[in-house]
Structures are given as C-alpha cells and as structure tokens.
Amino acid sequence: MEYFNNALPLYRAVGDRGGEATTLNNIGAVYNDLGEKQKALEYFNNALPLSRAVGDRGGEATTLNNIGAVYNDLGEKQKALEYFNNALPLLRAVGDKGMEATTLYNLAYLERSRGNLQASRTNVEAAIKIIEDLRTKIDNKDLRSSYFATQQGVYKFYIDLLMELHKKEPSQGYAALALHYSERSRARSLIELLNEANAKILKGANPQLIAQERNLRQQIDAKTTLQRNLETSTNKNDLVTKAAIQRLSQDIANLTNQYEQLQAQIRTSNPEYAKLTNPDPDKDILKLPQIQQQLDKDTLLLQYSLGEERSFLWAVTSTSMQVYTLPPRQEIEKVATRFHSSLQQETAGEFAIEEAQKLSKLILAPVAEQLPGKRLVIVADGGLQTIPFAALADVTPQGKGEKSKPLSSQERGLERGSEYQPLMVNHEIVNLPSASTIAFQRQQLAKRQPAPKALAILADPVFNATDCRFKDENCQEADQPQSSNKNLDVSAELQQSQLNRSAKNLKRNGWNRLPFTAEEAKAILKLIPSANSLKALSFDANYNWATSGALNQYRILHFATHGIVDPKEPHLSGILLSSYDKQGKYLTENKLSLGDLFNQDYPAELIVLSACDTGLGKDVNGEGLVGLTRGLMYAGAARVAVSLWQVNDEGTSILMQEFYQQMLQQNKKPVEAMRAAQKKLWQDGRSLNEWAAFTVQGEWK
C-alpha cells in the first residue's frame, strides 16, 4: 500500500492516466484482500473512468471484473452479474482470453451461489475450454505445466458443481462426468510426453542436436552453480561480486532461451512430430466406459480429488462406479503428513499404526465394502501422493480382526497395534498418475517385443575419494563423504558443488557409500544365469554403463544407488553413479539426470530404483509429483518400483532380495511380487519403515 500510494502522485504529475488507473486498481485489490470492501470499491470506481478516457478496453474490463467480484463478496449478486457481463464483450474485443476465462469462472461461481447450477455449468465449461486452448499454445513444457497449475481451482470447482448436480439428479451421469474432468485436470504433461515417447521424437533426433542440448544443459548448470556460490559467499555485497552475479544471471537467461529453442528444433526436425497434436481432452482423456475397459474383473480403481470444502473418491470396476464424499483437503492432508512423517522413523511403531488407522478411516472406510478380493489401482491427489497405501490399515471385515503376523516389539501390548493389519496383506496395490496414462502406456507397449535378456543391474558406486576400494576392491567399509576436493579441475568442482547443493536441499550429510547394495546385487544375480544378466558394481557403476545402448536388451533394469529428487531445484534430480574411476580420476559425468533419462531408450518391463525418495518430486498442481518416475516412463519403462522416503540400506536390501525371489523363482508379476515381499517382511516382524516405502507404478498386468 505504501509503495502504491507513493506511485500515485507521480503518475498524476506526469499526466499518465493509464498508469494512474492501474495503480488505483492495485490499491483497490489490496483493500479487497484486507477485507475493506467499500474502500476497494471506491478505488476501483475511480480507476474505471480513467481506463475509459485513455481507451484501455482491457484495463476497463479488468476493473469491471474487480468491481463485480467485490459486489459478489458483498452478496449483491445482481450488481455483480451486471459488471461481469459488461466485462466479457470488452475482453473478447481485445482478445484477452486469459481474463475472459477468469470472468467466466467468476460468473460460474456467482450463478452457483444463486442456485443456478446449469448456468454455472455453462460458464465454467466455457472457461475450461479457453484454459485448455491457451495451454496448447504454450510451447515450453514447464511454462505449460505452471500455467495449468494456476487453473486447477477451476477444475476443482467444476468437479464439486457436478457432484452437487449428481446429488440432485443421480441418474443423469454427472458423477461420471466429474470423474472425466478429474482426469482432464491431472497428468496432462505426462500424457503428452508418453505420446511423444511413442513417436521417439528425442530418441530419433539428430545426434548433433542432442549433443548441443547436453552441452547447453551443462553450461546452464555450471553458471547456475557459480551464481549460487557467489550469492552465498562472504563478499556477496561488494560491487565486483554483484556485477558478476548480474552477468551470470543474464548469461543463464540467454542460455535457457537457446536451450528451449533447441528443444523445439529437435522436436520439429523429426518428421514424426508433425503427426502429433496435443491430446484432445474430449477424445484422448478417458471417460468412464474407456476407464472401465482398462480394468479387469479383479481390479478396483480408487481415484481421489481433494477439495477445499469436500473431497471425492470414485471407486470404479470394469462394470460399475460409485462415488463417495470425503472430508476437506486440509483434514485429510494433516493426517497424511503425520503418517508419512511417522513412517520415516526406523522403528515406526505405535504412532505410525495410529496414523494409518486414522487415515484409513478418512479415505478407505467409506469404500470398505468394495475392497475384498480386489487389486487396488490408486490415483492419488495432493498429499496422498506421498502415502504408501500398502501400509494403511485394512478396513474390510477380513482385515480388521485377523492378526497375520507376530507383533513387533514396538507393537506388543498395544491394543490399537494388535488390531492393525496392513492393506497389502489382502490386496495388490499399484499407483498411477492418472487413469488415462495407463491407456497411453498400453498403446506404446502393444507395439514392442520384449527384450531378449533378463536383468541389468547397477549397484554400489564409488562416490568419494575416501572409499576403501581404492586400496582393496573387495572391502566392505563405509566411507566419509567429502565436501570438496582441492585437486579437482573447474568442471569437476562445479559438478561436485551441484551434488553438495542437492545434499543440502535434501538435508543429507553428503553421499555415503551404500555397502548393502552390493550384497543386494550379488544375491539377485544368483537367481539368473550369468549369460542372461549384465552387472556394473563399484567403479563400473558409471555414466558410460548407464547410458550404454546395451541396456535396451534387458527386461529389468535395477539401480541400487542414491537417487536425487530435488523439490527445490528439480533440474538437479537424477540417479547417482560412480564419481571416480579405478585410477582415482574424478568423473564429471557422475549422475544420470532427468535430461539424460529423456534421451535414453530403456524398453524395460520393469525399472527398479532401489534408492531413497525416488518416487517423490516437486508437487505441481495438475501434474502430481514430477520426479524420476516421469523420466523413466518416457524412456520406455512399462512399470517402475520406487520409494517414498529415505529408506534404510540394509532393510531395502532384504526387501529387494525377497522381491526378486518372488518374481524370478515364483514367477509372479511385479505388483504381485512386491506385495508378497512386503508381506514376508511384515510377517517376520520387520518395521514398517523397512518394507512400506516401495511402491509399483504403471502397468499391473
């Protein structure tokens, strides 16, 4: 307010009436946020004639929209309607589609509050049509995702409106339409990426362009690291350092622009790209009958949509659909956060079980009667994306009263603990980002032959110069992570600085050796004839191996190492590989980054990331958790097994050995094998922390 009020007399002094109108609008918006509605109206009404006087029809429409919103808040619905309707033709005249969508949404909100549900529906559908059209016109994928994220409230409103209509007229198909719009609101970028991957746009690109892309990415990373180091240095406030930071900022902006243009060139230079269009939400985003076609008789889809006032759960089988109203987002996510936090304790016990039971009561109890005998396919939303559904309490009659395992020391004597049985005891569980993604995956998988060989495994890389394997390659000692190494050249220092930054972002003390991953790898390899497998352990677990074309010959790829899913700086995410060769030379290419994954061809039936937090990522509204899973699915994985928190090295090794025994010796499908492995550890009295972290995403058949 202080700054806007200082700007106002200056605009008036120089006779800039347009600037004056904008500032009056801004002041009005502040008063509106402060709840001083009459003051807000006064400033908006002062801005209106100025916008008209200078012929700023867009500014005039914005002000009319603002006035309408205030009248709506004040309960003067007819006046609000008048102002919104006056704004619309002006916005259409100047072609401001974004503001037109906002005004249509405001009209929808207003009409619903007046009880005019069909009028509300007409307006919100018109708003969504504009939003989806605008989205397709944004070439940059990240900007497209961020724009779509800002519009999620419109979809949530429409879903809630449709469910209100369903309550009034249950036979009119409104609940099924709400499910369709739930699909339309989520994982759209991933669906486009899978469509693109099917045409192998990047994988079939000119190698020189791919090399240029990688070079630009490295330059951006290097300059970003330099900039961050300067910004955190002790002399960050001197003029020379400030000037250097400013130059780097401009360099990064220029390089980023070049990178985006090059990506567009890579895509458009591929003749297959011309055949692709953005998915048509009316055709390519699944409706109820198409969703049901993806489900077999033994599978139940549970799709969640968390809303501010109420949430919804659709339970879909191949022949039926039921919808349930759940508590608001905040109530569900509060319990989900506590549950996720409790599971990260190595001795997850009484508190974790209590939270599992509370969360199950909120999100599973309403659908309990449909659960028995079903495989559960989960499409989660919001905070539920970080939850291992396998560890929730079984709420069915068969799960409530039975104790299928000896109680652990943490649970012994606990009345609540003795009543707890994990959901996975009676159910296979698989996760999807959206129901529509499985249809796109199946289109891709239907056209390819299974790889001829069984398993390629990478484990126990060398991260630090203190590693004992430099002296004795068979040693089993843990090492001490290094913060820096003065013998590194500039490019190596920059790469190590990035890894240190990721560790700091993830609250980790560097990157320690994971000695149990070697035991894990050797135990798994014993299950497969050597002619049918490929291994890279210790120094061999490096970038050259991970990007080798030979990996497309294997049905299963297993990475037993640290995974980085950096929510603060997603571009730093990746799979850590060896940083040194046997001679002690530092390898600057020591991470399989997200960008690298998008350029790989991994036509695997299963990719396992036996590492920490690999299933997480940055939560982008409408896209879910954007992390390594997306890159692996783009690379060709039919399904991925990933973790939801920082897992114990030894516990993970035991789980993975059991998982592979179930797959390779008992011939079970990955989802079935994961359940069997988790059940075995549970029955052996292992902590939830050791078995619950891993989840399978993707194809379950």
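Asn667 CG: 12 or fewer foreign heavy atoms inside a 6.0 Å radius. Under a cut-off of 6.0 angstrom, the local environment of NZ in Lys668 is crowded, with over 12 non-hydrogen atoms contributed by other residues, nucleotides or ligands. Other residues, nucleotides and ligands contribute only 12 or fewer heavy atoms inside 6.0 Å of the NZ atom of Lys669. The local environment of NZ in Lys701 is crowded, with over 12 non-hydrogen atoms from other residues, nucleotides or ligands closer than 6.0 Å.
A 4.5 Å side-chain heavy-atom check between Thr317 and Leu300 finds at least one atom pair inside the cut-off. Contact of the Asn532 side chain with the Leu455 side chain is not registered, since no non-hydrogen atoms from C-beta on lie closer than 4.5 Å. Residues Leu551 and Leu534 are in side-chain contact: their nearest non-hydrogen atoms beyond the backbone lie under 4.5 Å apart. With a 4.5 Å cut-off on side-chain heavy atoms, His558 and Glu520 count as touching. Inter-residue side-chain proximity for Leu609 and Val640 is flagged as unmet; no heavy-atom pair is nearer than 4.5 Å. Looking only at side-chain heavy atoms (C-beta outward), Leu587 and Tyr543 stay at 4.5 Å or farther from each other. Side chains of Thr547 and Leu592 form a contact here, defined as non-hydrogen atoms less than 4.5 Å apart. With contacts defined as side-chain heavy-atom distances shorter than 4.5 Å, the pair Phe389/Leu376 does not qualify.
Under the 4.0 Å criterion applied to side-chain N and carboxylate O atoms, Glu605 and Arg555 are not assigned as salt-bridge partners. One finds no salt bridge joining Asp684 and Arg686 here, because no Lys/Arg side-chain nitrogen approaches an Asp/Glu carboxylate oxygen to under 4.0 Å.
Side-chain atoms of Arg375 never come within 3.5 Å of backbone atoms of His427 as a donor-acceptor pair (strictly under, hydrogens ignored). Side-chain atoms of Gln441 come within 3.5 Å of backbone N or O of Ala638 as a donor-acceptor pair. Counting only distance, with no hydrogens or angles, the side chain of Asn552 and the backbone of Asp601 share no donor-acceptor pair below 3.5 Å. For the pair Thr561 (side chain) and Leu576 (backbone), a donor-acceptor distance under 3.5 Å is present. Side-chain N or O atoms of Gln678 include one that pairs as donor or acceptor with a backbone N or O of Trp691 at under 3.5 Å. Formation of a donor-acceptor pair under 3.5 Å by the Thr517 side chain with backbone atoms of Ala459 is not found in this model. Judged by distance alone, the side chain of Asp467 and the main-chain N or O of Arg469 form a donor-acceptor pair under 3.5 Å. One N or O on the side chain of Lys374 and one on the backbone of Lys297 form a donor-acceptor pair closer than 3.5 Å. Side chain of Asn590 to main chain of Ser578: no donor-acceptor pair is present (N/O by atom type, distance under 3.5 Å, no hydrogens or angles).
Taken from NZ in Lys535 to CD1 in Ile457, the straight-line distance is 10.0 Å, to the nearest 0.5 Å. Rounding to the nearest 0.5 Å places CD of Glu699 at 10.5 Å from OG1 of Thr437. Note that CD1 of Ile654 and CD of Glu519 are 9.5 Å apart. Values are rounded to the nearest 0.5 Å. With values rounded to the nearest 0.5 angstrom, Ser538 atom OG is found 7.0 Å from Arg513 atom CZ. For the atom pair Glu428 CD and Leu423 CG, the distance stands at 12.0 Å (nearest 0.5 Å).
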### Task
Show your working on side-chain contact (heavy atoms from CB on, under 4.5 Å) between Leu537 and Lys522 and close with a plain yes or no.
CA-CA 9 Å; Leu537 307 182; Lys522 291 170 184 174; 4.1 Å; yes

### Stepwise side-chain contact (heavy atoms from CB on, under 4.5 Å) check, Phe659 with Phe694
CA-CA 11 Å; Phe659 173 54; Phe694 280 88; over 6 Å; no

### Query
Is there a side chain to side chain donor-acceptor pair (under 3.5 Å) between Gln303 and Glu183 once you walk through the steps?
CA-CA 9 Å; Gln303 180 148 325; Glu183 278 293 293; 3.1 Å; yes

### Task
Determine, stepwise, if the pair Leu557 / Leu632 fulfils side-chain contact (heavy atoms from CB on, under 4.5 Å).
CA-CA 11 Å; Leu557 302 183; Leu632 293 169; over 6 Å; no

### Message
If you apply the rule side chain to side chain donor-acceptor pair (under 3.5 Å), what do you find for Gln662 with Glu658, and how did you get there?
### Response
CA-CA 6 Å; Gln662 295 290 338; Glu658 184 66 34; 2.9 Å; yes

### From CA spacing to verdict: side-chain contact (heavy atoms from CB on, under 4.5 Å), Thr386, Leu644
CA-CA 6 Å; Thr386 66; Leu644 297 172; 5.5 Å; no

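Annotation: cation-pi pair Arg442/Trp700 present, NZ/CZ under 6.0 Å from the ring centroid and within 45° of its normal.
Ring centroid separation for the pair Phe463 and His562 comes in under the 6.0 Å cut-off.
Between Val379 and Ala435, the shortest heavy-atom contact is CG2-N, 3.9 Å. Here the shortest heavy-atom pairing between Pro670 and Val696 reads O-CG2, 4.3 Å.
Classified by interplanar angle (parallel below 30°, tilted 30° to 60°, perpendicular above 60°), the ring pair Phe559/Tyr602 is tilted.
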